[in-house]
There are 2 protein chains.
Amino acid sequence: MPTGKPAVPSVWARQRTKREQPALSQDRIVAEAVRLLDEEGVEALSMRSLGTRLGAGATSLYRHVASKDELIELVVDEVYGELEVPAAEEAPDAWRESVTACAGSLRAMILRHPWIASVLGQVGLAQLGPNLTRQSERMLALFHRAGFPAGEADRAMSGVIAYVIGMTVSEAAYLSMLARSGQSEQELMEGLRRVAEQSVRDLPLLREGYDQRADEDPARLRDEGFAYGLERFLDGLQARLDVLASRQD
Amino acid sequence: MPTGKPAVPSVWARQRTKREQPALSQDRIVAEAVRLLDEEGVEALSMRSLGTRLGAGATSLYRHVASKDELIELVVDEVYGELEVPAAEEAPDAWRESVTACAGSLRAMILRHPWIASVLGQVGLAQLGPNLTRQSERMLALFHRAGFPAGEADRAMSGVIAYVIGMTVSEAAYLSMLARSGQSEQELMEGLRRVAEQSVRDLPLLREGYDQRADEDPARLRDEGFAYGLERFLDGLQARLDVLASRQD
DNA sequence: CACCCTAGCGCACGGTGTACGCATCGGCGT
DNA sequence: ACGCCGATGCGTACACCGTGCGCTAGGGTG
C-alpha cells in the first residue's frame, strides 16, 4: 500500500533494504530495460513502467542514470556486447568469411532487438560505449589483416556496417509492420501492392518483382536478399584488395 | 486573444475564414511541418507548436490528419519527392553514373533534413507513399536497364539504398552531435578519442585511424568515405553484371 | 428561409520526463 | 556506544504531450 505520508513506512522496506541486494544499480536497470524493450517494444519503455518492473518508483532510477536518453545509450551499448566478432588472428586469410559472420551476427542482433531501429536515430551510431568501441577495434582488425591500409580499413568497415544496418533496420521495420497488421505475409504484400498501384499507376518493374516472388518463402527471400548485397559489396572490396596488392609489387 | 468562451469570437475569425484561404489543409500542414522540422528539429514538433505556426489550435489539425504518426508518414513521403532520380532512358549505358547521382541526391536529402533519421525507425523504410513508390520504380528502371534481371534488380537497388541510408544516417547523427556539442570538430574528435581510450585501453587500429586523418578537412573526408564505399559496392555489382553477360552468351 | 455539413476550437484526460526536497539507513569517526 | 553523514529511494509537482469529445459559426444546398 502506498501510504501517502511517511508514517509507519519502514515495515516493508526494512526487509528488502536490509542486506539482500543493492536493490537498484545501473546494471540492473539497463538489463531490465533491455528485457522490457524486447518484450513490449519501444513505446512501452517509460521511466515509470521500468521502475515498476524493478519494484521501485520512477524517479528512483535517476540516482543511477542521468536521463532517459543516457539510459538508451547504455541500453544500446549493452546489446552491442552481444555481437560476435571473430578475432583477426584466428583466420588471417579468411577475412571474407569472418566479415560475413560478423555481418550475420549484427543482423541477428538487430532482429533480436528490433526496437534498436527506433532508437538509432536518437542516439546516433556514433555514440561509443565501451562495447561498441571494443567491437569496432576487433572488426577493424579483420579488414586490416585482409590487407587494407590504415586509412582505408575503416572506410571499408563503416561501409559494410552501414549496409548491414540499413538493410536490417528496413527488414525489422517490415517485420514489425507485419506483426502489427495481424495479416499473413501474403495478405500484407498483396495489400501493399494494391496501395502502391492505387496511388501511382503504371509500375511495371515493381509489379514484376512482386509477381516473381509471390510464391516463394518470404523469410528465405529476406535472407537471400541480405546475402546478395553483402556478397556484391565484398566482391568490390576484394577487387580493391587485388588492386592494392598488384600495385605493391 | 484566446477568449476562453465563445462569446464575441468571430471578429478575428471572420476575415480569415471568409474566403481567402482554405486556412488549413493537409498540404499546408505537411509543408509547415517540414519547415518546422528543418528549423527546430524533431523534438520541437508537437501538434500544439505546429498548430500555433499555422495560426490554429492543436486539435484543428486532426480534421486533416488522422494522427501524429500519419502526419510523419506524410512528411517523410513529402521529402522523398525531393529526390532526383534520372530517367533510365536518358543514359541507358551509364547506369553507374546514374546510380551515383541518385545516391548523392539521397544523401543530400537526408543531410538537408537530418530529422529523418530519428523518424525512420518509427515509420519504417517500408512505408510507401506515392512519392517513394514513384522514385523506387524509376530507380529500379536504372538497374533493370543496366542488365539486372527482374529478380535481381531490386536486390541490387535495395542494397545500394541500404548502404546510402545507413552511411548518411550515421553521418547526420555525427553532425547533429557536433552541432549540439558546440565544440569545433577537432575538439569533438579529440574528446571522443579520449572517451574511447578511457573505457577501453589498447586500441591501436582505431587510434591509427584518428591520427592519420587528424589534420585533414573533415567534410572532405566524409564525402570521400561515402564515395569509397559506394564505388566498391558498384564495382561488385558491375562484376556481377559481367558474369551475367558472359553467361548469356 | 431552413437545413446540415464541415472546419475549427476549448476543454479535459491520461500519460510522459524529470526537478526537488524529504525520509531512511548503513557505515564511519569519535 | 553513539551520533552524524553520505548515499539511496520515494512522493509530489510541473510542464508538456497526443488526442477524444462536444460545441459553435458559417457557407452551400434544398
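Every value quoted in this text rests on a predicted model; they were computed, and no experiment measured them. Naming convention: chains lettered A, B, ... in sequence-line order (proteins, then strands); numbering from 1 in each chain.
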side-chain contact (heavy atoms from CB on, under 4.5 Å) involving B:Q183 - partner list, sequence neighbours excluded | B:S181, B:E187, B:L188
Residues in salt bridge (charged side-chain N to carboxylate O under 4.0 Å, His left out) with A:R53, at least two apart?
-> A:E32, A:E39, A:E40
Listed by chain and number, what are the side-chain hydrogen bond (donor to acceptor under 3.5 Å, both in side chains) partners of A:S46, not counting sequence neighbours?
-> A:S49
Kindly say if A:S60 contacts the phosphate of D:dT8, meaning a side-chain N or O under 4.0 Å from OP1 or OP2.
-> no
Taking CD1 from B:I29 and P from D:dT19, how many angstroms apart are they, rounded to a whole number?
-> 13 Å
Quick one, give me the B/S/- string for nucleotides 13-21 of chain C, reading 5' to 3', where B means a protein heavy atom under 4.0 Å from the base and S means that only happens at the primed atoms, P, OP1 or OP2.
-> ---BBBB-B
Could you check which residues of residues 30-39 of chain B get a heavy atom under 4.0 Å from DNA chain C? Sort them by number, please.
-> none
Length of the CG-P vector between B:L54 and C:dA7, whole Å = 15 Å
Counterpart residues, side-chain hydrogen bond (donor to acceptor under 3.5 Å, both in side chains), relative to A:R134 (two or more places apart) = A:N131
State which residues pass side-chain contact (heavy atoms from CB on, under 4.5 Å) with B:S158; sequence neighbours excluded, sorted by chain then number.
-> A:M167
With sequence neighbours excluded, tell me which residues meet side-chain hydrogen bond (donor to acceptor under 3.5 Å, both in side chains) with B:Q26.
-> none
Starting at atom CG of A:L24, determine the distance to atom P of C:dC25, rounded to an integer number of angstrom.
-> 17 Å
C:dT6 phosphate, OP1 or OP2, under 4.0 Å from B:H64 side-chain N/O | no
Any chance you could measure B:E185, atom CD, to B:Y174, atom OH, to the nearest 0.5 Å?
-> 3.5 Å
Would you list the pairs meeting salt bridge (charged side-chain N to carboxylate O under 4.0 Å, His left out) in which at least one residue belongs to residues 155-171 of chain A, sequence neighbours left out?
-> A:R107-A:E171, A:R155-B:E224, A:E171-A:R222
Protein-nucleotide distance (A:L61, atom CG; D:dT8, atom C1'), rounded to Å | 12 Å
